Amino acid sequence: MSDPSELGSEPSGGRRSLWSDLGPRLISAMVMIALTVAALFVGSYFFAAVVGAVFAGAYREWETMVSRAPLTPTGMALIGIVALSGLIFPLFGALGSLTVIAIGCVIALLARGEGMWWRVLGLLIYGAIIIAALVMRGDTMAGVWAGLYLGTVVWMTDSAAFFTGRQIGGEKLAPDISPGKTWSGALGGLALGTGAGLVIWILATDSPWWIGLALSAAISVLGQLGDLSESAVKRHFRVKDSGDIIPGHGGLMDRLDSLTFGVLLVLLVGTLHLGFGSVAEGLLYW
């Protein structure tokens with residue numbers, strides 16, 4: 001989650017300016033939540049198309065950032081490949097999506113040029129997220145609940161960190177990586193994200209509450225680590241925001257960074273518990 005503001009002590013005018021983006025931010029959040037929930041419930045090709053399109057948009061931002069140049073035909077082809085890796089999942093499963101991403105990596109290597117290995121890394125990251133999200137959703141109601149659970153933990157963590165950090169401020173969490181983030185924001189995000197996740201866990205399953213608590217806390221922490229990781233990459237390339245497509249939030253990368261490690265943890269836990277074909281059930285039912 002992008003948070004470019006410096007959150008130290010502010011005069012009253014500066015404090016008001018910190019909240020100037022609140023309206024667009026809330027409207028954008030409501031639209032994104034509605035689209036996500038609708039896609040989760042519909043599932044199948046619609047969910048695959050939404051996931052592919054959204055992460056193709058995120059890869060577009062990654063591509064322009066790491067290549068340090070306007071989009072080239074190769075870059076546009078790679079964006080299309082990321083989208084295609086989601087679209088073909090309902091037909092060919094994870095293996096089909098993985099094959100498409102592998103083809104994209106070969107194209108990136110053959111094209112060489114600025115940021116070649118960063119391109120490959122981006123393809124692998126977004127390919128893994130797409131596959132993890134689609135395997136998690138599957139074709140059962142458990143996939144809907146798993147998606148709602150994950151989204152609730154991640155987005156409530158983001159929101160609480162944002163509001164707590166701006167309201168309280170205090171000591172910086174990682175000033176060399178992201179000067180705007182504070183320990184108060186991180187702890188506020190952890191508290192609300194974990195609590196909100198536990199509520200969804202109790203509604204979705206009869207599994208022990210302490211498992212839901214532990215998983216919610218882990219996803220919340222990993223969400224913030226994903227946020228910091230993206231900030232570190234942006235700082236490496238001297239980029240403040242990955243884009244401006246979402247009013248009040250910045251780019252798609254800025255909005256989706258917190259999902260990265262969380263959805264991969266969901267895939268890992270679900271697979272280890274009940275197998276690759278039952279990730280949502282393996283996450284929720286103990």
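Note that the structure is a prediction, hence the values are computed from the model and not measured.
- Within a 6.0 Å radius of CZ in Arg60, no more than 12 heavy atoms belonging to other residues, nucleotides or ligands are found.
- Although no hydrogens or angles enter the test, the distance criterion places a donor-acceptor pair under 3.5 Å between the side chain of Arg137 and the main chain of Leu40.
- Between Phe55 and Tyr126, the ring planes lie tilted relative to each other; the angle falls in the 30° to 60° range.
- Shortest non-hydrogen contact noted between Ala108 and Leu123 is CB-CD1, 4.2 Å.
- Under a 3.5 Å cut-off, the side chain of Thr205 and the backbone N or O of Leu284 do form a donor-acceptor pair.
- One N or O on the side chain of Thr64 and one on the backbone of Glu61 form a donor-acceptor pair closer than 3.5 Å.
- Considering all non-hydrogen atoms of both residues, Met136 and Ala146 come closest at CG-CB, 3.9 Å.
- The heavy-atom pair separating Ala58 from Leu252 by the smallest distance is N-CD1, 3.7 Å.
- By the 30° and 60° cut-offs, the orientation of the rings of Trp286 relative to His273 is parallel.
- The CZ atom of Phe47 sits 12.5 Å away from the CG atom of Asp139 when rounded to the nearest 0.5 Å.
- The distance from atom CG of Leu71 to atom CD of Glu63, rounded to the nearest 0.5 Å, is 6.5 Å.
- Rounded to the nearest 0.5 Å, atoms CD1 (Ile103) and CG (Leu84) are 8.5 Å apart.
- Contact check for Leu35 versus Val31: no side-chain heavy atoms found under the 4.5 Å cut-off.
- Residues Val279 and Leu98 share a hydrophobic cluster, clusters being chains of Ile/Leu/Val/Met/Phe/Trp/Tyr side chains in contact below 4.5 Å.
- Here the shortest heavy-atom pairing between Gly104 and Leu78 reads O-CD2, 3.4 Å.
- Of all heavy-atom pairs spanning Gly189 and Ser220, the tightest one is O-OG, 3.6 Å.
- Using a 4.5 Å heavy-atom threshold, the side chains of Ser229 and Asp257 count as separate.
- Between the side chain of Trp118 and the main chain of Trp62, no donor-acceptor pair closer than 3.5 Å is present.
- Side-chain contact between Val266 and Tyr149 is absent, with no heavy atoms from C-beta onward closer than 4.5 Å.
- Put simply, CH2 on Trp210 and CG on Leu215 are 9.0 Å apart, with the number rounded to the nearest 0.5 Å.
- Across all non-hydrogen atoms, the minimal contact from Ser97 to Ser85 is OG-O, 2.5 Å.
- Between Ile81 and Tyr59, the closest side-chain pair of non-hydrogen atoms is not below 4.5 Å.
- Put simply, CZ on Arg238 and CZ on Arg68 are 8.0 Å apart, with the number rounded to the nearest 0.5 Å.
- Counted by atom type alone, Ser184 and Thr182 present one or more donor-acceptor pairs between their side chains at under 3.5 Å.
- Atom CG of Leu225 sits about 11.0 Å away from atom OG1 of Thr260, to the nearest 0.5 Å.
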